[in-house]
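Every heavy atom of this structure was used, including side-chain atoms; hydrogens, water molecules and symmetry mates were not. In what follows, every chain begins at residue 1, and chains take the letters A, B, ... in the order their sequences are listed. This one's a predicted model, so the numbers in the text were calculated from it and none came from an experiment.
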There are 2 protein chains.
Amino acid sequence: MVTQTEIEKKIKNFPTICRQAGLKVTPQRMAVYNMLASTDSHPTPEAIYAAVRPDLPAISLGTVYKILDLLNLKGILLKVSSLDQAARYDARVTAHHHTACTQCGRIEDLNADSVPAEFVGEESPTGFLPERIEVLVHGLCRDCRHGPTPARYQTK
Amino acid sequence: MVTQTEIEKKIKNFPTICRQAGLKVTPQRMAVYNMLASTDSHPTPEAIYAAVRPDLPAISLGTVYKILDLLNLKGILLKVSSLDQAARYDARVTAHHHTACTQCGRIEDLNADSVPAEFVGEESPTGFLPERIEVLVHGLCRDCRHGPTPARYQTK
DNA sequence: GTTCCTGCAAAGGTTTTGCACCATA
DNA sequence: TATGGTGCAAAACCTTTGCAGGAAC
């Protein structure tokens, strides 16, 4: 739950955050950020576009995509569960987790013991019934830390 | 790491698993499953298609998609970090996690204390440098457990 | 005034769909 | 033989890109 004052604080600080990141402050960026800061709904780019259009009728969906991508890159926003565009499949269906390289997109198995499986099958206070937990550790794989950066979207 | 015998066992059991799930066993399904069971690489549909084509030159990419979707639905395969197709954004950049409803696609914040953040920033034995951990709990949201199933891809 | 951003439109990539033919059971 | 799966092609969908005009600093 996000309180009213937290929202206002975020919105008030946004211009400063932008300038610190070397970004210009525009009405489009403020509208997109304000919309996201005011909701818990994790909207899609399309939904954000629809929400800001009443205030900025001339804004384009492409601009929304550019703003989201840029703010995510600067760490001002977060893209939820972001893998590279294509889906990835795994024949292991038992509980295990994955590492995802932010450089090359490679996905590897993570054999961690720290699987927070304790609350699967139990109803949470919000009424959500957990069925399966997925942990994705983002970071740099061995190759990308050492050798030159491989091409994106490689399958290996 | 998947050992040779584990792979062979999975491949050998696949026809039985299929029939138990009410699915016919076809060369295309066997090829797709065998390829996935034999690798740790979490390939994309395109990569799977390329890998099975030498054995089944007539197979189509559409069929690969259908097989993957179906086997994932039956729990025989796993789609890694599967959200509905569109991206989702969040203005909260501090460590927190998400629940994703498998029925309606709704994403909500999860204020769990059990954040496995202990190994962020430390190199793992495989050479992977973790930067950020993302936990996605799949399950059923309150509305989908009680009321009728809402439309997919809703933003609320 | 310079730099960077926006809006538009087109293109790119991924995934889904419909249907006639074919294989499995 | 009946059911369900495949192959093909088209379409749908999401996202990226290029560029000319415009806004922020």
Side-chain angles (χ1 to χ4, degrees), chain A residues 14-33 42-50 52-53 55-74 76-77 79-89 105 151-155, chain B residues 14-33 42-50 52-53 55-74 76-77 79-89 105 151-155:
Chain A
F14 180 68
T16 310
I17 302 288
C18 268
R19 290 196 191 94
Q20 283 172 352
L23 303 177
K24 290 182 179 174
V25 181
T26 67
Q28 291 86 344
R29 287 177 180 175
M30 298 211 25
V32 166
Y33 185 81
H42 307 83
T44 60
E46 189 73 42
I48 297 167
Y49 175 59
V52 300
R53 253 153 81 86
D55 288 325
L56 290 107
I59 196 173
S60 76
L61 182 56
T63 297
V64 172
Y65 270 100
K66 284 172 193 166
I67 290 173
L68 291 171
D69 191 43
L70 188 61
L71 296 187
N72 175 57
L73 209 68
K74 296 288 185 179
I76 301 171
L77 292 181
K79 192 172 179 178
V80 177
S81 201
S82 53
L83 293 185
D84 289 331
Q85 59 259 42
R88 302 297 201 112
Y89 288 87
R152 282 188 84 87
Y153 312 140
Q154 64 176 34
T155 51
Chain B
F14 179 68
T16 309
I17 301 287
C18 270
R19 291 194 192 96
Q20 283 174 351
L23 304 178
K24 289 184 178 172
V25 181
T26 67
Q28 291 86 343
R29 287 177 179 173
M30 298 211 26
V32 166
Y33 185 81
H42 306 83
T44 61
E46 188 71 44
I48 297 166
Y49 174 58
V52 300
R53 251 153 82 85
D55 289 325
L56 290 108
I59 196 173
S60 76
L61 183 56
T63 297
V64 173
Y65 270 99
K66 284 171 192 164
I67 291 173
L68 291 171
D69 191 42
L70 188 61
L71 296 186
N72 175 57
L73 211 69
K74 296 288 185 180
I76 301 170
L77 292 181
K79 194 172 178 178
V80 178
S81 200
S82 53
L83 293 184
D84 289 331
Q85 60 258 41
R88 301 297 200 111
Y89 288 87
R152 282 188 85 86
Y153 313 140
Q154 64 177 33
T155 51

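Rounding to the nearest 0.5 Å places CD of A:Q20 at 9.0 Å from CD1 of A:I76. With rounding to the nearest 0.5 Å, the separation of CG in A:L71 from NZ in A:K79 is 13.0 Å. Between B:Q28 atom CD and B:D55 atom CG the span is 11.5 Å, to the nearest 0.5 Å. A distance of 8.0 Å separates CD1 of B:I59 from OG1 of B:T26, quoted to the nearest 0.5 Å. The CE atom of A:M30 lies 10.5 Å from the CG atom of A:L56; values are rounded to the nearest 0.5 Å. Of the inter-residue distances, the one linking B:Y65 atom OH with B:I48 atom CD1 reads 9.5 Å to the nearest 0.5 angstrom.
For A:I67 and C:dC4, the CD1 to P distance is 17 Å, given to the nearest whole Å. B:D69 has its CG atom 13 Å from the C1' atom of C:dT14, to the nearest Å. Rounded to an integer number of Å, the gap from B:L70 CG to C:dT16 C1' is 14 Å. To the nearest angstrom, C1' of C:dC4 lies 12 Å from NZ of A:K74. Atom-to-atom, CZ of B:R29 to P of D:dG7 comes out at 11 Å; the value is rounded to the nearest Å. One atom, CG of A:L61, and another, C1' of D:dT16, lie 11 Å apart when rounded to the nearest Å. Nucleotide D:dG5 holds its P atom 11 Å from the CG atom of B:L71, rounded to whole Å. Taking atom CG of B:L23 as the reference point, atom P of C:dA25 lies 11 Å away to the nearest angstrom.
The side chain of A:Y65 places an N or O atom within less than 4.0 Å of a non-bridging phosphate oxygen (OP1 or OP2) of D:dT15. Applying the 4.0 Å criterion to OP1 and OP2 of C:dT24, one finds that B:R19 has every side-chain N and O outside that range. Within the 4.0 Å cut-off from OP1 or OP2 of D:dG7, at least one side-chain nitrogen or oxygen of B:Q28 is found. Remark: A:S60 is not in phosphate contact with C:dC8, judged by side-chain N or O atoms under 4.0 Å from OP1 or OP2.
Of the candidates C:dC5, D:dG5, D:dG7, the closest approach to any side-chain atom of B:I59 belongs to D:dG7.
With A:Y49 as the partner, the side chain to side chain contact (heavy atoms under 4.5 Å, CB included) test is satisfied by one option alone out of A:T63, A:L61, A:V32, A:L68: A:L61.
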Using atom names, set out every protein N or O paired with an N or O of nucleotides 20-23 of chain D below 3.5 Å, distance rounded to 0.1 Å.
none

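With hydrogens and angles ignored, a donor-acceptor pair under 3.5 angstrom links the side chain of B:K66 to the base of D:dG7.
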